[in-house]
Amino acid sequence: MEQGLGSNYIPTSGGPVDKSRVLNVRPLRCLVPIFPSPPGMSSFSSPQTAPFMCVPPTGPFPPGVAPFYPFLVPTETQAVHSGFSNTIPSPVPINSFRTPISAVANGGTGLSRRSSKNRTPEGAVMDEDYSDSPNQSDFSMHVADHDHEYTTRKAGKRKGNSQKKTRNDVDIDSVANSFLASFNLTGVDTYRQVDGDKELIRYILMMYDLLRRRITQVEDGKEATPGVTRRPDLRAGTILMNKGVRTNVNKRIGAVPGIEVGDIFFFRMELCLVGLHAPIMAGIDFMSFKDIQGGERLAVSVISSGGYDDNTEDGDVLIYSGQGGNINRKDKDVEIMDQKLERGNLALEKSLRRANEVRVIRGVKDAVNPTGKVYLYDGLYTVQQSWVEKGKSGVNVFKYKLVRVPGQPEAFTMWKSIQQWREEDTATSRTGVILPDLTSGAENLPVSLVNDVDDEKGPAYFTYFASLKYQKPFNLPKPSLSCSCRGGCQPGDLNCPCVQKNAGVLPYTALGVLLIYKSLINECGPSCLCPPNCRNRISQAGLKIRLEVFKTKDKGWGLRSWDPIRAGAFVCEYAGEVIDVSTAQELEREKEDNYIFYATGTTGSLEVTPGNFKETPRIPFPIVISAKNCGNVARFMNHGCTPNIYWQPVLRESDNESYLHIAFFAISHIPPMKELTYDYGTAQSGKAEQRKKKCLCGSLNCRGHFY
DNA sequence: CAGTCTCAGTTGTAT
DNA sequence: ACAACTGAGACTGTA
């Protein structure tokens with residue numbers, strides 16, 4: 001035990017853009033991390049022999065065809081001892097750190113206990129009926145068994161007060177239930193995973209994001225109730241926690257399976273769901289060991305998010321402030337007092353003596369969305385010193401010096417470098433910068449051109465053009481309605497024709513993040529009267545993310561981002577010249593054009609989401625785009641069999657004319673400087689063999705070629 | 001020892 | 001400005 005605590009770190013191989021971190025997801029343009037292999041057939045254990053799973057390229061893809069993720073429960077031995085031991089550092093047997101009783105009682109099974117009782121035999125959720133129960137004492141008992149924990153807590157707290165579910169709660173409940181139903185998750189939560197892996201984590205985060213965005217969408221269409229703060233992040237998190245859609249529930253010291261140094265998160269809830277940091281508010285997570293003499297407790301992770309006066313000047317050292325003392329409590333009438341050596345502070349003190357590794361998560365400002373925060377997992381640290389000092393508020397504050405364990409991939413230091421490049425504007429301090437802005441101002445953000453790999457001075461000549469050149473638009477048989485929302489289209493405005501075209505809901509959040517996956521997005525067109533910053537013109541508004549074109553090791557030029565990218569965020573569109581199919585085929589034959597994008601019928605964007613959230617992309621009329629002579633950053637995006645970007649058809653209509661565009665969105669959260677890739681797709685016609693190319697994406701289930 | 005209660009503890013969003 | 005909600009620990013009830 002003793003020696004185990006200090007020595008359970010095995011550096012993950014490779015740097016921050018290590019190919020091994022690419023998720024093991026089924027090929028094709030599939031948004032869903034799909035888990036075709038039952039335990040034992042995991043492609044982790046046999047990456048070479050993993051069968052190439054292929055959806056017929058011509059479709060059709062009726063709803064429900066894609067296997068939803070069954071939440072296979074791998075036995076612990078498989079998870080720990082089979083393929084995983086090679087890829088995920090877990091040198092200390094997980095069991096030896098598992099809190100014997102208390103953590104289990106308070107953690108996982110606690111939830112399971114509560115949430116599995118209230119099922120009818122059919123597994124239906126008992127939901128609405130109790131809300132009018134006149135018997136208040138009975139009521140709390142009834143509610144204590146209720147499915148939704150948040151309701152329970154509310155009701156428990158406000159015993160005797162208003163216990164009616166608001167209309168709002170009911171709405172969200174039904175949304176959540178239908179959401180979960182589409183995952184076949186309304187049943188008893190036997191799905192909780194002991195240990196995660198990359199796919200599971202990706203899947204959970206995707207579910208979280210979908211549900212959160214879905215709730216946002218429902219809330220969005222409604223009038224804001226004064227005095228009620230809408231927290232879709234908490235709502236979605238609570239629901240998934242109660243359903244057991246989470247992993248790494250048991251706390252552990254050191255690395256967390258499936259999470260890599262440099263991974264980013266946008267909500268505290270996400271950290272909780274994947275088991276990186278359990279408390280949703282507190283900055284210090286710790287676990288106790290009853291088997292150690294005196295029931296010692298050790299810190300397992302800390303979040304430095306700016307609430308306290310932490311020092312983060314040196315990227316590899318963190319001066320962390322203890323918790324408590326009411327220093328950050330905004331409530332009135334709370335007295336600020338000296339911090340005590342208890343809870344997290346005590347745990348950090350013990351961790352100093354035991355020298356165990358502590359995960360550090362750094363909360364940093366999001367350049368794209370200044371009101372939000374990004375949580376950056378910065379790897380393992382050890383506590384080196386502790387002391388007490390008088391803080392700004394005049395009370396005693398505990399301070400802990402944490403030092404980063406060497407040999408880990410860059411994360412926070414990379415972040416700091418990027419900040420510096422940003423401030424310098426010209427990025428002169430950086431080696432390998434060829435051009436500070438290859439667009440020559442054609443985009444509203446610069447796009448740098450960098451080569452720190454070899455001597456090549458840049459890609460072949462082309463004209464930078466930020467959008468699509470149509471020779472002639474598609475003519476509509478009957479005129480399309482344009483909106484007249486001078487203040488921008490509003491989510492709840494059912495009179496707006498643009499909202500109507502999108503089945504009654506705007507496809508984007510207020511931050512410009514795609515809300516749900518649709519077969520086709522109808523944006524406002526040239527004749528709409530709404531302003532250019534209308535929420536329904538996201539793909540027309542230009543770059544929002546600071547991108548750079550860089551020389552890859554073996555795939556020519558590629559695209560990556562300085563900014564962290566949220567799942568669902570718009571990245572760029574595919575610019576170029578719209579050409580006709582026959583021209584394209586000619587170019588193909590002569591191997592003239594490697595920059596052709598086909599959006600023709602059923603091929604292409606097969607990105608789908610699980611369950612009912614899947615929609616087959618609908619392309620109203622086929623287009624072929626050539627970006628050989630003119631194009632934008634999208635022409636540099638490489639193919640990846642496990643992509644982090646997908647494309648989506650977007651229609652912009654104007655009176656009798658219709659323009660189809662191809663917009664790229666992030667599949668998952670993408671850390672800065674990670675290469676952006678999308679799936680170039682599979683063969684859709686006999687001619688396709690001519691386009692077949694060898695794939696160098698390097699992902700675990702690379703299918704070896706693309707088109 | 002199991003169940004119930006209290007409260008510390010910050011965040012994200014609305015104003 | 002504010003309400004959101006988990007988990008730990010304290011407390012209570014039962015075997």
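Convention: sequence-line order gives letters A, B, ...; per-chain numbering from 1.
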Seminar exercise, completed: Side-chain atoms of A:Met241 come closest, of C:dT6, B:dG12, B:dG9, to C:dT6
Problem set entry | Residue pairs involving residues 234-280 of chain A (criterion ring-ring contact (aromatic ring centres under 6.0 Å, His included); sequence neighbours excluded) | A:Phe266-A:His669
Problem set entry | Residue pair A:Gln339 / A:Ile327, side-chain heavy-atom distance below 4.5 Å | yes
For this session: For the residue pair A:Tyr208 and A:Asp233, establish whether any side-chain heavy-atom pair is separated by less than 4.5 Å.
Result: yes
For this session: Check DNA chain B against residues 506-514 of chain A and give the residues with a non-hydrogen atom under 4.0 Å, in numerical order.
Result: none
Exercise. Nearest of B:dG12, C:dC5, B:dG9 to any side-chain atom of A:Thr238?
Worked result: C:dC5
Problem set entry | Nearest-neighbour nucleotide for the A:Met281 side chain, B:dG9, B:dT13, C:dG7 considered | B:dG9
Exercise. Looking for any heavy atom pair under 4.0 Å, which part of the strands does A:Gly324 touch: base, sugar-phosphate only, or nothing?
Worked result: sugar-phosphate
For this session: Write down the distance between CE (A:Met269) and P (B:dT10), rounded to a whole number of angstrom.
Result: 15 Å
Problem set entry | A:Gly262 versus A:Pro671, closest heavy-atom pair with distance | O-CB, 3.5 Å
Exercise. Just checking, any donor-acceptor pair under 3.5 angstrom between side chains of A:Lys340 and A:Asn345?
Worked result: no
Problem set entry | Which nucleotide in C:dC5, B:dG12, C:dA8 has an atom nearest any side-chain atom of A:Asp233 | B:dG12
Problem set entry | Rounded distance in Å - CD (A:Glu219) to P (B:dG12) | 17 Å
For this session: Name the closest nucleotide to the A:Gln323 side chain, picking from B:dG9, C:dG7, B:dT11.
Result: B:dG9
For this session: Calculate the interatomic distance between A:Asn326 atom CG and B:dG9 atom P; express it in whole Å.
Result: 7 Å
For this session: Can you figure out which of C:dA8, B:dG12, C:dC5 approaches the side chain of A:Phe286 most closely?
Result: C:dA8
For this session: Just compare C:dA4, C:dC5, B:dT10 and give me whichever is closest to any side-chain atom of A:Arg231.
Result: C:dA4
Exercise. Any idea which of C:dA4, B:dT11, C:dG7 is nearest the A:Leu234 side chain?
Worked result: C:dA4
Exercise. A:Leu298 versus A:Phe286: any side-chain heavy-atom pair under 4.5 Å?
Worked result: no
Problem set entry | Sub-4.5 Å side-chain heavy-atom contact between A:Asp209 and A:Leu211 | no
